[in-house]
Peer 1: 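Take this structure first; my questions come after.
Worth knowing before you read on, the calculation uses all heavy atoms, side chains too, and leaves out hydrogens, waters and symmetry mates. These numbers come from a predicted model, not from an experiment. Counting convention: from 1, in listed order, for ligands and their atoms alike.
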Amino acid sequence: MSETREYDVVFLGGGPAGYVGAVYAAKLGLKTAIVERERLGGTCLHRGCIPTKSLLRAAELYRTVRERGEAFGVVADGVRFDWNRAQARKAEVIATLEKGIHYLMKKGRIDVYHGTGRLLGPSIFSPTAGAISVLAEGEADGVVLLPKHVVIATGSKPRSIPGLVPDGRRVLTSDDALALDFVPRSAIIIGGGVIGVEWASLWRDLGAEVTIVEAMDRLLPGEDESISRELRRVFQKRGIRVLTDATLDALGIEVREDGLSLTVRPNSSGARSAETLSADVVLVAVGRAANIDDIGLKNTKIRVENGWIAVNDRYQTAEPHIYAVGDVIGPPMLAHLASHEAKRAVEHIAGRRGGRVDPRFVPRATYASPEVASIGLTENEARAAGYAVKTGTMTFRSNGKALIEGEADGFVKFVVDAETSDVLGVHVIGPRATELIGEVALGMIMDAAAEEFGEAIRPHPTLSETMTEAALSVHGMEIHA
Ligand code: NAI
């Protein structure tokens, strides 16, 4: 007979949703546990946000020293890139952060169960479907947890496409790309979304020949069209080949010991003819799918829609005491959103208001060179929603700090309601875009109008002055244009 233990709330999954939600729950006085089958920190810490950004930083530093150092007076002969050293540094960053999470668990008296957690049927140990069995690998008899509430935060995994089966060596998922022990000399990337764009930037910085194949008519199709255009321009300037409106021909795939070749066809007739591309590796970056296999959903009434767990506006599944947050409920799949959703679910569990995170206030960030970050509606979305739209744009070329840093590509664009001057969306491409978007998130949640964004005084010289100028340019009052 398995041992049983009672909790107020148990999280399935210890990623940015699970561990943040658990700390928050503990702070609100709830007896809390996490079940994690791999390591605390989840995809974000071990196979996503943190490792990719660590490698992107290394690659960017290398390119800067190699290609632009001399312009700054930094003359370094014989510069070379040591992939293994970059990987080791990445591992150090991960280890430090992972240690931090373990400390938080201890501090919050949160129990962590290492093993696979499965929801059990209502009949076995409790009258609800909330009981969870935890089976650590190799253990025949696991532990059974009896929680009053469950939060499913099991995350997502890379999706593949028919005919292109990942083998970890030539055909790669983003997980495989992180684990490679070499930098490919050439790479084809299927998918020009966030992951495709970040890896294209990273590998190109390290000298690889990179081709992106994107089914839609532009890179980062979810971003403002002007951003996609600028990204394509800068990527092409950096020597990255961008094939949009293109898909893979499933019959034209040949994976060999020493490389591979793929046939790519244009989606619309007449544009181009089919083309065969060859490379060392292909990265498949066509989206992600929920981790819902083998977590016991069949023992519950929980509904799955289009592959994602369906939840109401309190993050409750069809079993009201079981919540789901983060990637497992579908796009947008963002670590910071997952953490916020987990906190909202916990608030509801603790008898507070809770409620859905407002999508208008969720920033998006792509860590390529150039960086892309945005919040709110694109210009087209705002028009489609019926707003009378005014926009204001300012390039980084007229910003002193951008010139000092040697990164003057890109711009800031405000999308504003012409009637009320409310800011509907802000789109940034260029240096530190992912940091600059933070102040916009605050401004938007405080309902700042474009004039207020323009009135706020930023220090000189900083990149943030471009924010001031872009906001002022909505009404033609910018100075540097
Ligand atoms: P994505 O949904 O962002 O992009 C996938 C792209 O592949 C789309 O543009 C789509 O049109 C294209 N595509 C789909 N099938 C295709 C095909 N057969 N041939 C050519 N193109 C095809 O998905 P991605 O980049 O894989 O990222 C997965 C998730 O992870 C996203 O939701 C993203 O938000 C999240 N993520 C976020 C990061 C960040 O915030 N910096 C970093 C990495 C991932």
Peer 1: Is A365 touching ligand 1 with its side chain, its backbone, both, or neither, if touching means heavy atoms under 4.0 Å apart?
Peer 2: backbone

Peer 1: Are R57 and E198 ion-paired here, with the side-chain N under 4.0 Å from a carboxylate O?
Peer 2: no

Peer 1: Quick one: look up the protein heavy atom nearest atom 26 (O) of ligand 1 and list residue, atom name and how far away it is.
Peer 2: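 Heavy-atom neighbour on the protein nearest atom 26 (O) of ligand 1: G287 N, 2.9 Å.
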
Peer 1: What pairs with E371 under side-chain hydrogen bond (donor to acceptor under 3.5 Å, both in side chains), at least two apart in sequence or on another chain?
Peer 2: T434

Peer 1: Report yes or no: does a heavy atom of P331 sit under 4.0 Å from some atom of ligand 1?
Peer 2: no

Peer 1: Return yes if a side-chain donor-acceptor contact under 3.5 Å exists between T154 and N291, otherwise no.
Peer 2: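 Per modelled atom types, T154 and N291 side chains form no pair under 3.5 Å.
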
Peer 1: Which residue from L337, L220, I195 reaches closest to atom 27 (O) of ligand 1 through any of its heavy atoms?
Peer 2: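 Shortest heavy-atom distance from atom 27 (O) of ligand 1: I195.
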
Peer 1: Between S339 and A335, is there a donor-acceptor pair closer than 3.5 Å when you use the side chain of the first and the backbone of the second?
Peer 2: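 Answer holds: yes.
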
Peer 1: Is L248 close enough to touch ligand 1? Criterion: a residue heavy atom under 4.0 Å from a ligand atom.
Peer 2: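 No, L248 has no heavy atoms under 4.0 Å from ligand 1.
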
Peer 1: Do any heavy atoms of G48 fall under 4.0 Å from ligand 1?
Peer 2: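 It does not, in that no heavy atom of G48 comes within the 4.0 Å cut-off of ligand 1.
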
Peer 1: Just heavy atoms, cut-off under 4.0 Å: does V286 contact ligand 1 by side chain, backbone, both, or neither?
Peer 2: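 Within the 4.0 Å criterion, V286 contacts ligand 1 through backbone and side-chain atoms alike.
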
Peer 1: Ignoring hydrogens, just give me the one of R159, E214, R288 whose non-hydrogen atom is nearest atom 9 (O) of ligand 1.
Peer 2: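 Looking at heavy atoms only, the winner is E214.
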
Peer 1: Regarding S226 and D224, is there a side-chain donor-to-acceptor distance under 3.5 Å anywhere?
Peer 2: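 Result is yes, a qualifying pair exists.
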
Peer 1: Is the contact between P221 and ligand 1 made by the side chain, the backbone, both, or neither, using heavy atoms and a 4.0 Å cut-off?
Peer 2: side chain

Peer 1: Would you please name every residue forming a side-chain hydrogen bond (donor to acceptor under 3.5 Å, both in side chains) with E223, sequence neighbours left out?
Peer 2: S374

Peer 1: Do any heavy atoms of P332 fall under 4.0 Å from ligand 1?
Peer 2: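 Under 4.0 Å: no for P332.
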
